Amino acid sequence: PHYQFPGTRAARVSELLRRPVPLSEPQFTRHYERSLALPLPLLSDVGPEEVARFAESSSLPPGVDLEIRSIRSYPHRSAAGHVLGYLTRDEGSADDDDISFNYRLPDFIGITGIEAIYNDDLKGRPGGMSVLVNNLGYRQSENVWQPVSPGANVTLTLDLALQREAENALSRALNNTRGAAVVVDVRNGDVLALASAPGYDPGAFVPFVPLGVWTNLNDEKLRPLINRAVHGSYPPGSIFKVLVGLAGLEAGTLDPTNVFMSPGYAQVGPHHMKDTADGGRPGPYDFRRALKLSCNAYFVKTGLDLGLDRIVAMARRFHFGERTGIDLRPEAPGILPTREYIRDNRGAWFDGDTANLSIGQGDITVTPLQVALMTAAVANGGTVFWPRLVQRVQGEDAFAPEPARTVAAGRVRSRTGVSARSLQITREAMLADVEDADGTGRHAALPGFRIAAKTGTAEVKKGRAVVDKITWFTSFGPYESPRYAVVVMIESGGGGGTTCGPVARRIYEAILEREKANSLAVPRSVAMR
């Protein structure tokens, strides 16, 4: 061979740093044959004490150096993991044409979340070094001709305390919870919490994912890598009745004071739809009672009186069927059965389909973030905001000539044009859902903080068989002066009120505690660097 295995030098480093150096002869041989001009890493994650021992040693082995490499650190572990995203090894050439033909040390690139969208900002610019190699392949000399440029800091709107509480409350809802929770500031669209369960620790991807962890991350049922808050697209169930009610109020086809005598079910042609409101018993319903008890028969009649086009038109005012534009990828647009959708995917539409749509079933899906922004617009008087997740991007050097890039809060996407009267009638019914003893949202009631909400439970069918349930709780508070929209979605739950309501209550408790401590006036934000 043209080399001598440096086992003695590795042993000397091990003795000096007081820990094993896992260098094998096959590992060294591979490096020698493929990357001789590049350094061969002996140890990574060397601590301060080990660095001090190495630097102060007077008998360092020849050819052994200490090199500094930047690496991602996630001190809060799984907190906001889906928002931050994860990295993978990038073994390709640098994008810079000047060094694209040179050797490159191992690097990382963002794949999802903020890591992907802001990869170039966070990563900075790699340095360049010219290395003169002799005829045997060893380094003769080196010259740095492009210094390393550090990455920028990306500061998010997330409130760390709320984010953690949303994640903790979700994880405690069920065994192996699959769900999402979103908290949005209804006044400006700031995203204060964006949780998805089950979560993962982005730090597990650096420097590589252990096989056992990777197996868990690819579980076909739990799917921890999916950000259910923005990428999961689900039938909304009864929370869609908020928009059906608004459409009826605006069109004049729904008088909130009129009493509808429900037979305890809805019959549309051959379709028989059961009603769980008040135990499925026949009875009288005005709009307030129908919303708080979630009477299917009432809203099926409302939807049929409206017709498909007016229901869809109201949903489009709140941008259902469209991406929200948040700085996260991938994001699902959801499904809204417009005439174009029906032409391309169904070909025909019947009264039974309109009845199904009126209770949030059939050809409609939404994301938890879309629902949060819709609820925020109901709470704030009809303004739909673009969600803001990133506050600013600022270089490491505060005195650098390049100013920080800031993202303005309160960017208005549209005004719904819904009348103040219709919104107020709907908000009052949502308040009754939580505060009345028979309201489906009563499990979220919190003394000292009035909450208005709508619950929902959507059936997922395969053929005619129900294979799963998607449970919802969408809300805002405090009622008198709305500041927060809180949405909880949990797969395979029992009901929106019983499964998601307690989770929302715990999030509101965290909000109340933070407000009492006057901490939310200056949110403690999540920053990446």
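Source: prediction; values computed, not measured. The residues of the chain are indexed from 1 along the displayed sequence.
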Side-chain H-bond candidate by donor/acceptor type, Lys454 with Ser294, under 3.5 Å: yes

Residue Asn176 excluded, over 12 heavy atoms near CG under 6.0 Å: no

Ionic contact status for Asp468 with Lys461, cut-off 4.0 Å: no

Residues which pass side-chain contact (heavy atoms from CB on, under 4.5 Å) with Arg187, listed by chain and number, not counting sequence neighbours: Asp185, Arg483

Donor + acceptor pair across side chains of Ser414, Arg317 (<3.5 Å): no

Which atom pairs, donor and acceptor, lie under 3.5 Å between side-chain atoms of residues 444-453 and protein residues at least two apart or in another chain?
| residue | atom | partner | partner atom | Å |
| --- | --- | --- | --- | --- |
| Arg450 | NE | Glu435 | OE2 | 2.8 |
| Arg450 | NH1 | Glu480 | OE2 | 3.2 |
| Arg450 | NH2 | Glu435 | OE1 | 2.9 |

Arg316, CZ atom: more than 12 neighbouring heavy atoms under 6.0 Å: no

Side-chain donor-acceptor contact under 3.5 Å, Thr324 with Trp386: no

Salt bridge present between Arg405 and Asp121 (N-O < 4.0 angstrom): yes

Distance-only polar pair, side chains of His231 and Thr367, donor-acceptor under 3.5 Å: no

NZ/NE/NH1/NH2 to OD/OE distance under 4.0 Å, Arg172 and Glu167: no

Other residues, nucleotides, ligands: >12 heavy atoms within 6.0 Å of Arg392 CZ: no

Pair Arg506 + Glu513, salt bridge at N-O below 4.0 Å: no

Near-ring test His82/Tyr200, centroid separation under 6.0 angstrom: yes

Lys/Arg N to Asp/Glu carboxylate O, Arg339 vs Asp309, below 4.0 Å: yes

